[in-house]
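These notes concern the structure reproduced below.
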Amino acid sequence: MTTTAISTYEPLTEAAAIELAAGLLTEGANLECREIGDGNLNYVFRVSDRESGRGIIIKQALPYAKVVGESWPLTLKRAAIEAAALRKHGEFAAGLVPAVYGTDDKLAYTVMEDLSHLTIAREGLIQGKSYPKLSAHIGEYLAQTLFHTSDFALHPFEKKRLAAEFSNPELCKITEDLVFTDPFFDYETNDFEPELRQSVEAIWNNDSLKLEAAKLKRSFLTEAEALLHGDLHTGSIFADDNETKVIDPEFAFYGPIGFDVGLFLANLIVQGITRNREGRETIVRHIENTWDVFETRFTELWESKGIEDFRDVPGYRQSVLQKIFRDALGFAGCELIRRTIGLAHVKDLDGIEDAGQRIQFKKQALRLGETLIIKRSELTSIQDVTALVEEL
Ligand SMILES: Nc1ncnc2c1ncn2[C@@H]1O[C@H](COP(=O)(O)OP(=O)(O)O)[C@@H](O)[C@H]1O
Ligand SMILES: CSC[C@H]1O[C@H](OP(=O)(O)O)[C@H](O)[C@@H]1O
């Protein structure tokens, strides 16, 4: 795709987005455009042909975090990272990410496949949808993207080249602060109802919990295991009954494999907390199936494509998967806590209108988060985890 005549960064308008899209949609098409971004950080323009309804998406980074405003400057490079991660992950999980049609680093935008025929999984799950293929698809996505970008599959030179290409310090700092640090201290970014103060202060005063959070943060800071999505929550997944597409990898970087796995599990758990017994079963099955599919496919890839000299040493693969599982539970615990009392909440919980019920669910989320962090070495199977959700 060619770049525009605009030579310096400026935020796109709907009219400018139509101009950019004109060459990509059918010539002479009668185009319309709407800014549809509902995330925390970026503009998302949908340009479509009024007659056919066919569209494309132009996602543009702003030089600051949209949710806070200009007082929180943020690198424009995140747009290039997101496009490169979509392309790299697409090499291994084709069909599970949107196609990228073009990028412009100066204007910090990516042109990609329009997925408007699907629904954001968080929204659908809140409405009670079950998405029968969601966990099989995400388990597959996790195994393919994480295995193929790790030292288990790549020559060490290529792995380190990719790790350098995906250096993403500003976005990582957001996660280091908002997921791993701020919720564990009385910091002003935190945001919670007064009814939760007692539970929150118990977290701030719990040194054993904080010790484990510190270890998890250190893993996130130091363990360059694979190219992560970096923010794999259910708001970053489009789905229907047959299709699943993972979007928004602007937090991509080389980090611990369990982080992507844990974030997805945590966001399923949050949804499970809000459901009645029957609805919760669907979520429990998704939690179990995500791990089962991930573990099975990772094992197959290990055996068929693994290049590590120690690959066939008895017990090595099992120890790698055990570490990923343990890390995933710890990271899931941190995600549960930060989505409840940190800066960035989730609609699954905040959208509950009955205040008493909302507070009860949030307390459950905090308790489960603490348990996953503290007991991550004792929970040895995914059924140990789902038992905790079923017991609620
Ligand atoms: N490829 C796409 N097709 C259709 N809608 C999209 C697409 N990408 C993003 N969107 C819409 O824009 C919203 C925000 O996109 P997202 O990538 O999550 O932005 P942010 O980085 O700001 O969180 C999504 O929730 C979805 O509604
Ligand atoms: C100020 S960024 C807060 C939060 O937003 C990101 O999510 P998304 O881009 O999907 O809206 C990420 O989870 C950050 O932690």
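In listed order, ligands and their atoms are each counted from 1.
D231 and S236 form no side-chain donor-acceptor contact under 3.5 Å, judged by distance and modelled atom types alone. Between the side chains of K305 and H148, at least one donor-acceptor pair of N or O atoms lies under 3.5 Å.
For the pair R338 and ligand 2, the shortest N or O to N or O distance falls below 3.5 Å. Checking only distances, N40 does come within under 3.5 Å of ligand 2, N or O to N or O.
Residue-level proximity to ligand 2 for V67 is carried by the side chain, the only part with a heavy atom below 4.0 angstrom. At a 4.0 Å heavy-atom cut-off, ligand 2 touches R339 through the side chain alone.
Using a 4.0 Å heavy-atom cutoff, E82 is absent from the residues neighbouring ligand 2.
Between W302 and F298, the angle of the ring planes lies from 30° to 60°, which puts this pair in the tilted group. Classified by interplanar angle (parallel below 30°, tilted 30° to 60°, perpendicular above 60°), the ring pair F294/W291 is tilted. A parallel orientation is assigned to the rings of F147 and F152, their planes being inclined by less than 30° (bins at 30° and 60°). Between F180 and F331, the ring planes lie perpendicular to each other; the angle is over 60°, past the 30° to 60° tilted range.
Looking from atom 2 (S) of ligand 2 to the surrounding protein, the closest heavy atom is L41 CD2, 3.9 Å. The protein non-hydrogen atom at the shortest distance from atom 10 (O) of ligand 2 is H233 NE2, 2.8 Å. Regarding atom 6 (C) of ligand 2, its nearest protein heavy-atom neighbour is D231 OD2, 3.5 Å. Atom 9 (O) of ligand 2 has as its closest protein heavy atom D248 OD2, 3.5 Å.
Residue-level contacts of ligand 1 at the 4.0 Å heavy-atom threshold are I36, D38, G39, N40, L41, N42, V44, I57, K59, M112, E113, D114, L115, S116, I120, F238, I247, D248, E250.
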query: Run the side-chain contact (heavy atoms from CB on, under 4.5 Å) check on K66 and N42 step by step: do they pass?
result: CA-CA 6 Å; K66 191 177 78 177; N42 304 293; over 6 Å; no
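Under the 6.0 Å distance and 45° angle rule, K210 counts as a cation-pi partner of F185.
R50 and L31 get closest at one heavy-atom pair: NH1-O, 3.2 Å.
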